[in-house]
Amino acid sequence: MSNRAVDAIVLVGGQGTRLRPLTLSAPKPMLPTAGVPFLTHLLSRIKAVGVDHVILGTSYQPTVFSDYFGDGASLGLELEYVVEEEPLGTGGAIGNVRHLLRGDTTLIFNGDVLSGCDLEAMLNRHATTGADVTLHLTKVEDPRAFGCVPTDGDGRVVAFLEKDPNPVTDQINAGTYVFRRAVVDSIPSGRPVSVERETFPQLLASGALVSAYVDSTYWRDLGKPGDFAAGSADLVRGIAPSAALAGRTGEYLVLPGATVSPSAVLSGGTTIGAGCVVEAGAIVHGSVLFDRARIGAAGSVTDSLIGCDATIGERTVLADVVIGDRADIGADVELRYGARVWPDAVLADASVRFSADA
Ligand code: GDD
Ligand code: MG
């Protein structure tokens, strides 16, 4: 595919507050999903559509990105980094990298979305409609946490209503855009700008052609713990597409250097990180164990995220929880329903039972 004249921007400057405490030690797009930082999946999709020049708009923990990806050569990309000293918001971040753009067409991505969107088809649509901006839209059950984006019969966007408590449609902003250069240039500099709350509504008010690319491929925002675990599991199981994972799908993924007892049961797209230990009779379902985590004998971990070097005691039950790096959870503990344990915390044996049915 020849999209060499197209630049890409990935917005990765958010603090990932909804994924704390895991985002205290790494930005959200760098958290491991199916064995690699989430951003690897997105960058591989960008490469697969023939776009080589990618700019990361960073702010929170910027060096974590550059230390890992460097100049992008290992992915066949030319990667550049721009750091916002103070976060400039999603729109400000786009305007802030304008000096690095080379062509008239820019693909822009929220850095936390897992999607099967056909980027080639989206770029073609942008070219044939002659739009100023093309937005990828998808339908979700509950649109209130997203940008609600109604369209008319011709596929023109008619409004952009960010996080509307009373959404007029279940069609939402899926977080991938194509911008004309003039639109990037029109974003004010030197202050925070929200592309969702300021740029899109202003473009619509001024009569610009904002065109919709609607599809129903796989789509998930990985900003919350449950979605992060589910997205990672979908990657492992091959339900979510990733050019970074060819031929590596199954009910679970065990990374090199992990030790899993033959009597442990792994299922639901679980990833066991490098150097992890899963002891006899433990059950791990739909979860992500970051590197060197340890699950004690007969422990049960479901739909959860377990940080690096965390230790989970024997017979302990975890469901829908986030455990911070190095936390030490004793034996016979029970934690459920979105509980979060901070890094280095120590819960003594049987000291916690956080469960409605206990
Ligand atoms: N560089 C930079 N600077 N990036 C930022 C900043 C900033 O100040 N603020 C947020 N970002 C990045 C985040 O890192 C993330 O990758 C992306 O912008 C979107 O931010 P989120 O915080 O994840 O937003 P959201 O999920 O609540 O809503 C957005 O995504 C939805 C789809 O997933 C909006 O674009 C919604 O309209 C959309 O429906
Ligand atoms: Mg998000």
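Everything numeric here is computed off the predicted structure, so don't read it as measured data. Just follow the structure's listing: the first ligand is 1, and inside any ligand the first atom is 1. Each residue takes its place number in the sequence, starting with 1.
If you look at Val12 next to ligand 1, the close heavy atoms, those under 4.0 Å, all belong to the backbone. Contacts between Val195 and ligand 1 below 4.0 angstrom, taking non-hydrogen atoms only, are absent altogether. Residue Ser59 does not touch ligand 1, judged by heavy-atom distances below 4.0 Å.
At least one side-chain heavy atom of Leu100 sits less than 4.5 Å from a side-chain heavy atom of Val82. Two residues are said to be in side-chain contact when any heavy atoms from C-beta on lie closer than 4.5 Å; Leu75 and Phe69 meet this criterion. Considering only heavy atoms from C-beta on, Thr270 stays 4.5 Å or farther from Val236 through its side chain.
Between Asp104 and Arg180 there is a salt bridge, since at least one side-chain N of the basic residue sits less than 4.0 Å from a carboxylate O of the acidic one. Salt-bridge formation is detected for the pair Asp332/Arg315: a Lys NZ or Arg NE/NH1/NH2 atom is positioned less than 4.0 Å from an Asp or Glu carboxylate oxygen. For the pair Arg144 and Asp142, the salt-bridge criterion is met [side-chain N within less than 4.0 Å of a carboxylate O]. The pair Lys47-Asp52 meets the salt-bridge criterion, since a charged nitrogen lies less than 4.0 angstrom from a carboxylate oxygen.
Clustering ILVMFWY residues whenever any of their side-chain heavy atoms sit less than 4.5 angstrom apart, transitively, puts Met30 in a cluster other than the one holding Ile9. Residues Ile55 and Leu11 share a hydrophobic cluster, clusters being chains of Ile/Leu/Val/Met/Phe/Trp/Tyr side chains in contact below 4.5 Å.
Using a 4.0 Å cut-off to heavy atoms of Lys28, the atoms of ligand 1 that qualify are 23 (O). Applying the 4.0 Å criterion to heavy atoms of Ala93 picks out, from ligand 1, the atoms 1 (N), 2 (C), 3 (N). Near Gly57, with a cut-off below 4.0 Å to any heavy atom, the atoms of ligand 1 are 1 (N), 2 (C). The Pro87 neighbourhood of ligand 1 comprises atoms 8 (O), with distances under 4.0 Å to a heavy atom of that residue. In the vicinity of Leu88, heavy-atom distances shorter than 4.0 Å reach the ligand 1 atoms 8 (O).
When Glu196, Arg220, Glu86 are checked for heavy-atom proximity to atom 34 (C) of ligand 1, Glu196 turns out nearest. Nearest residue to atom 23 (O) of ligand 1 from Leu135, Ile108, Asp112 is Asp112 (criterion: closest heavy atom). When Asn96, Asp227, Asp221 are ranked by how near their heavy atoms come to atom 26 (O) of ligand 1, first place goes to Asp221.
The shortest contact between atom 28 (O) of ligand 1 and any protein heavy atom is with Lys163 NZ, 3.6 Å. If you check which protein heavy atom lies closest to atom 32 (C) of ligand 1, you get Asn173 O, 3.5 Å. The protein heavy-atom contact nearest to atom 37 (O) of ligand 1 is Glu162 OE1, 2.6 Å. Arg18 NH2, 3.8 Å is the protein heavy atom nearest to atom 21 (P) of ligand 1. Counting only heavy atoms of the protein, atom 15 (C) of ligand 1 lies nearest to Leu11 O, 3.7 Å. Of all protein heavy atoms, the one lying nearest to atom 1 (N) of ligand 1 is Glu84 OE2, 2.7 Å. The protein heavy atom nearest to atom 7 (C) of ligand 1 is Gly89 N, 3.5 Å. The protein heavy-atom contact nearest to atom 13 (C) of ligand 1 is Gly14 N, 3.6 Å.
A donor-acceptor contact closer than 3.5 angstrom links the side chains of Ser194 and Glu196. With no hydrogens or angles considered, a side-chain donor-acceptor pair links Gln171 and Thr151 at under 3.5 Å.
Results of the side-chain hydrogen bond (donor to acceptor under 3.5 Å, both in side chains) test with His53 over Arg4, Glu78, Glu80 single out Glu80 as the only residue that passes. Paired with Leu114 under the rule side chain to side chain contact (heavy atoms under 4.5 Å, CB included), one option of Trp219, Phe228, Phe38 passes, and it is Phe38. For the side chain to side chain contact (heavy atoms under 4.5 Å, CB included) test with Leu135, the passing option among Val210, Thr176, Ile172 is Val210; the others fail.
For Asp221, the N, O or S atom with the smallest separation from the Mg ion (ligand 2) is OD2. Looking at Asp112, its N, O or S atom nearest to the Mg ion (ligand 2) turns out to be OD2.
Remark: the backbone N or O of Ser115 is paired with a side-chain donor or acceptor of Arg45 at under 3.5 angstrom. Under a 3.5 Å cut-off, the side chain of Ser304 and the backbone N or O of Thr302 do form a donor-acceptor pair. No donor-acceptor distance shorter than 3.5 angstrom exists from the side chain of Asp7 to the backbone of Leu101, with no hydrogens or angles considered.
Contact analysis puts Trp219 in contact with ligand 1, with a non-hydrogen atom separation below 4.0 angstrom. Not a single heavy atom of Gln15 sits less than 4.0 Å from an atom of ligand 1. Ligand 1 does not have Gly223 within reach: every non-hydrogen atom of the residue lies 4.0 Å or more from it. Distances shorter than 4.0 angstrom occur between a heavy atom of Tyr177 and an atom of ligand 1.
The shortest N/O to N/O separation between Gly147 and ligand 1 falls below 3.5 Å. Taking any N or O of Val113, backbone or side chain, none lies under 3.5 Å from an N or O belonging to ligand 1. When only interatomic distances are considered, the shortest N/O to N/O separation between Gly13 and ligand 1 falls below 3.5 Å. When only interatomic distances are considered, the shortest N/O to N/O separation between Ala174 and ligand 1 does not fall below 3.5 Å. Below 3.5 Å of separation, one finds no N or O of Thr90 facing any N or O of ligand 1. Ligand 1 has no N or O atom lying under 3.5 Å from any N or O atom of Phe146, backbone or side chain. Any N or O atom pair closer than 3.5 Å counts here, and Ile172 shares no such pair with ligand 1.
In this structure, His136 and Tyr213 have tilted ring planes: the angle between them lies in the 30° to 60° band.
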